[in-house]
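The chains referred to below are lettered A, B, ... by the order of the sequence lines, with proteins before strands, and numbering in each begins at 1.
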Amino acid sequence: MARHLITSALPYINGIKHLGNLVGSQLPADLYARYQRGRGNEVLFLCATDEHGTPAELAAAKTGEAVADYCARMHGVQAELAEGFRLSFDHYGRSSSARNHQLTQHFAGKLAEAGLIEEVSERQVYSNADGRFLPDRYIEGTCPNCGYDRARGDQCENCTKQLDPTDLIDPRSAISGSTDLEVRETKHLFLKQSAMRGQLNDWIDAQTDWPILTTSIAKKWLNDGDGLQDRGITRDLDWGVPVKRGDADWPGMEGKVFYVWFDAPIEYIAAAGEWADAKGLGEADWQRWWRTDEGADDVRYTQFMGKDNVPFHTLGFPTTIMGSGEPWKLVDYIKSFNYLNYDGGQFSTSQGRGVFMDQALEVLPADYWRWWLLSHAPESGDSEFTWENFQQSVNKDLADVLGNFASRVTKFCRSKFGETLPEGGAYGPREEALVADLTARLARYEQLMDAIEVRKAAAELRGIWAAGNEYLQSAAPWSTFKEDPETAAMQVRLGLNLVRLYAVLSQPFIPDAAAKMADAMGGAGAWPEDVAAALSALAPGAPFTVPENLFRKITDEERADWQSRFAGRRG
RNA sequence: GGGCCCGUAGCUCAACGGUCAGAGCAGACCGCUCAUAACGGUUUGGUUGCAGGUUCGAAUCCUGCCGGGCCUACCA
């Protein structure tokens, strides 16, 4: 039995994520986790909220909560939405956990021992009124290049020129508007990624089957300009993991915390510890997933993320893992996604443009969203959500092709034979052909799911559903029944077994509908090893029920209504 | 400025050097009547962004141009 460690990029704690965020990491990760479990493999599927950093502090200040309280509350909100979308995490952790504090400090200590951490003094803008150092983007002023008066300290949004905060004319704090700013000297730790450049480069070069998106971004960072740059891993903030060298204090680093991009990936490991704690398991139980000296040798580790996260996962985190000199499990496959756009533009959190996770579930159940998002996952390029496309796909694929199939076959059987599988009849050439077709399709489906080709796998699954309709149409049990009820019984029995098979195969994409189909057929059973056997799993006499319609259709009125409701400014 | 990705039927996408460039949806026609007016079959539709080049052969490789998107290291 294979063992799969699967992680999704950590959603930032600040606010509710939109569908673009969902389809870029958590949803495909869940698809893969469900599939691997379905195949009978051992899976540990982890995710967590990423809770540190300036935006979290500011969001908490805005609501008047303490940062810790704000994060705890938002973690609850996000966990509930994850549940709503049926994301099957084995554990949904928090980067602010005690586990992560300890591990982050541990890694910093090991990296320091290995000579991979450097102390650097730098000059940063301090706001007296806010009582804090300001990240570049939180300083606003007039652009020296184009005169735009709301340029940010990192870049002018108007003329796109890259800036240094000290370039700005009349700089002010974007938080308070205060102009009482000064440049202060402050000391920070830098991770010497540059020292690992050769090793990282060899490692990336060896990954010939990774998505181009993943390797091209990694190579760009490795080779651009002067090559991979060292990066600061600490910040002058209150909220975060205090800078320590293992258990020991770090002289000169008092009052500073590690920066999110350093501590967030380490939470992938810490989340396994949190999982063990929550399950009442011991250290060995999570270490067998993460320590190659404790049994993780045979683990296959797959990460899912949007393209914006690729540099941290191909360079930063591997530097932490490799540089520690300890036998931690390194990622085997990085699946990255492009962005999902919304109706001709981008999803926008600030403008409330597009559909957010909470709103999506208010409008329709999870399966509708899961199916559309996964069958249109932005794998080869950015893709686009439109309500017309959503309505068409959902109505056709889910309601007509799959839902109606389950409906027609169960209702026909009930009316002609009652609510048990009828007896009699034997397979003919048509049934043999169906078995052969489904055998080939199943093999393709498995191959695509193994390769995490999400859209193609969805198309193949749809083909498997459609094969049921094709069979029924050509077998026509409603006609057969008139002269040859035994043959009709065989055809209907096969049809009902198809519903059961669909429950098993569809579960990774649409878990709720799959559960309904399984319930109606008295249970789903295991992943099919052999199609012919799977199609006779339900024997004559087995009871079944006619399920409620699996999917309803989206009307034109609803589509129009939602289209205007989500055009901007959420409310 | 630099880099990367993309541009294929009305729409969403496949094909990544080799039989007439495919599929789903939409459209048209036919069939079926078990079913959520659902299903099945047939079919219309493309000088593969443009212009050159390499090759026996190019959507696929190269060059240039046009158009769209992303990244560029202190947003995570």
Side-chain angles (χ1 to χ4, degrees), chain A residues 9-14 21 50-56 122 124-125 133-139 152-155 160-162 164-165 188 193 212-213 215-217 219-221 223-225 228-232 235 259-261 264 306-312 315-316 338-339 341 346 349 375-376 378-384 386 388-389 392-393 395-416 453 455-456 458-460 462-463 466 468-481 488 491-492 495 546 548-553:
Chain A
L10 309 188
Y12 195 64
I13 192 69
N14 189 4
N21 299 130
D50 174 12
E51 305 192 355
H52 297 136
T54 309
E122 46 181 28
Q124 290 198 343
V125 175
F133 282 95
L134 298 176
D136 292 356
R137 68 183 310 237
Y138 285 107
I139 303 158
R152 296 193 328 200
D154 54 348
Q155 185 178 39
T160 74
K161 184 176 173 59
Q162 289 186 39
D164 190 89
H188 282 296
Q193 299 184 126
I212 295 172
L213 186 63
T215 50
S216 67
I217 291 173
K219 285 182 179 171
K220 163 75 170 98
W221 282 56
N223 301 318
D224 193 40
L228 187 59
Q229 301 296 298
D230 297 338
R231 294 194 63 167
R235 288 293 183 275
Y259 187 46
V260 273
W261 80 260
K307 59 185 167 187
D308 50 341
N309 260 313
V310 168
F312 305 112
L315 308 168
N338 286 283
Y339 291 145
N341 289 319
Q346 296 195 341
T349 303
S375 61
H376 294 79
E379 289 176 301
S380 58
D382 291 350
S383 67
E384 175 159 318
T386 64
E388 289 82 358
N389 190 307
Q392 269 181 2
S393 296
N395 287 356
K396 192 72 191 173
D397 299 347
L398 296 181
D400 294 345
V401 175
L402 176 62
N404 181 57
F405 176 78
S407 179
R408 69 194 292 205
V409 79
T410 52
K411 285 177 180 169
F412 179 75
C413 185
R414 180 174 62 184
S415 73
K416 303 297 182 194
E453 292 270 9
R455 274 190 315 216
K456 290 179 185 172
E460 192 56 58
R462 197 200 119 100
N469 283 315
E470 290 164 24
Y471 170 75
L472 271 196
Q473 190 63 34
S474 110
W478 48 90
S479 300
T480 319
F481 184 77
Q491 293 165 338
V492 164
V546 175
E548 291 297 307
N549 280 350
L550 297 178
F551 299 98
R552 70 179 190 81
K553 295 210 192 193

When you compare B:A28 with B:G57, how far apart are their C1' atoms, in angstrom units rounded to a whole number? 37 Å

Q.
Please determine whether any donor N or O and acceptor N or O are separated by less than 3.5 Å between the side chain of A:Asn404 and the base of B:A35.
A. yes

Please tabulate the protein-to-nucleotide N/O contacts below 3.5 Å involving nucleotides 27-33 of chain B, giving atom names and distances.
from: B:G31; atom 1: N2; to: A:Gln473; atom 2: NE2; distance (Å): 3.0
from: B:C32; atom 1: O2'; to: A:Trp478; atom 2: NE1; distance (Å): 3.3

Residues passing the side-chain hydrogen bond (donor to acceptor under 3.5 Å, both in side chains) test with A:Ser375, sequence neighbours excluded, are none

Exercise for the section: Taking the side chain as every heavy atom from C-beta outward, state whether A:Thr54 and A:Arg235 have any pair of such atoms under 4.5 Å apart. Expected result: no

Using a heavy-atom cut-off of 4.0 Å across all strands, would you classify A:Asn549 as base, sugar-phosphate, or nothing? base

A:Asp230 CG to B:C74 P, in whole Å, measures 12 Å

Sequence neighbours excluded, the answer for side-chain hydrogen bond (donor to acceptor under 3.5 Å, both in side chains) partners of A:Gln193 is none

- [ ] Determine the interatomic distance between P on B:G10 and the same-named atom on B:C71; round to the nearest Å.
- [x] 31 Å

The correct list of stems in which RNA chain B takes part (3 or more consecutive Watson-Crick or G-U pairs, distances under 3.5 Å) is B:1-7 with B:66-72, B:10-13 with B:22-25, B:27-31 with B:39-43, B:49-53 with B:61-65

Sequence neighbours excluded, the answer for side-chain hydrogen bond (donor to acceptor under 3.5 Å, both in side chains) partners of A:Glu388 is A:Gln563

**Q.** N or O in side chain of A:Lys411 less than 4.0 angstrom from B:U36 OP1/OP2
**A.** yes

Those residues at least two apart in sequence (or on a different chain) that pass salt bridge (Lys or Arg N to Asp or Glu O under 4.0 Å) with A:Arg231 are none

task: Taking only the side-chain nitrogens and oxygens of A:Tyr471, find out if one of them lies under 4.0 Å from OP1 or OP2 of B:C39.
output: no

Letter by letter from the 5' end, nucleotides 9-16 of chain B scores (B base, S sugar-phosphate only, - none; protein heavy atoms under 4.0 Å) ---SSSS-

Sub-3.5 Å donor-acceptor pair from the side chain of A:Tyr12 to the main-chain atoms of A:His52, do we have one? yes

For atom C1', what is the distance between B:C5 and B:G49, given to the nearest Å?
16 Å

Separation of B:A35 atom P from A:Gln491 atom CD, nearest Å, is 16 Å

Salt bridge (charged side-chain N to carboxylate O under 4.0 Å, His left out) pairs touching residues 400-416 of chain A, sequence neighbours excluded, are A:Asp400-A:Lys553

Side-chain contact check for A:Gln124: nearest option of B:G40, B:C74, B:A35 is B:C74

Original post:
Is there side-chain contact between A:Leu550 and A:Leu398, with heavy atoms separated by less than 4.5 Å?
Top reply: no

Which of B:A76, B:C71, B:U36 is nearest the side chain of A:Tyr339? It is B:C71

Hits for salt bridge (Lys or Arg N to Asp or Glu O under 4.0 Å) against A:Asp50, two or more places apart or cross-chain, chain-then-number order -> none

A:Leu213 atom CG is separated from B:C5 atom C1', nearest whole Å, by 8 Å

May I ask you to test the A:Pro55-A:Tyr138 pair for a side-chain heavy-atom distance under 4.5 Å? yes

If the C1' atom of B:U36 is compared with that of B:C13, how far apart are they to the nearest Å?
27 Å

Contacts of A:Lys396 meeting salt bridge (Lys or Arg N to Asp or Glu O under 4.0 Å) (sequence neighbours excluded), chain-then-number -> none

Note: for A:Leu398 and A:Ile212 on RNA chain B, the residue whose nearest nucleotide lies more 5' is A:Ile212

Checking B:C39, B:U36, B:G41 against the side chain of A:Phe551 (C-beta onward), the nearest is B:U36

Between A:Lys553 and B:A38, does any side-chain N or O lie under 4.0 Å from OP1 or OP2? yes

Using a 4.0 Å heavy-atom cut-off across all strands, classify A:Glu460 as base, sugar-phosphate, or nothing. nothing

Hits for side-chain hydrogen bond (donor to acceptor under 3.5 Å, both in side chains) against A:Tyr471, two or more places apart or cross-chain, chain-then-number order -> A:Glu431

A:Lys307 meets the salt bridge (Lys or Arg N to Asp or Glu O under 4.0 Å) criterion, sequence neighbours left out, with A:Asp382

Quiz item: Looking only at atom P, what distance separates B:U33 and B:G22, rounded to whole Å?
Solution: 34 Å

Is there a side-chain contact between A:Lys396 and the phosphate of B:C39, meaning an N or O under 4.0 Å from OP1 or OP2?
yes

Side-chain atoms of A:Tyr259 come closest, of B:C75, B:G2, B:A73, to B:C75

- Query: Closer than 4.0 Å, any side-chain N/O of A:Arg462 to the OP1 or OP2 of B:A23?
  - Reply: no

>> Taking B:C32 as the reference, what is the distance to B:U47 when you measure between their P atoms (whole Å, please)?
In response: 37 Å

What integer number of Å spans the C1' atoms of B:U54 and B:G17? 12 Å

A:Phe312 CZ to B:A76 C1', in whole Å, measures 7 Å

Query raised in the report: With rounding to whole Å, what would you report as the distance between B:G2 and B:G27 at their C1' atoms?
Result: 46 Å

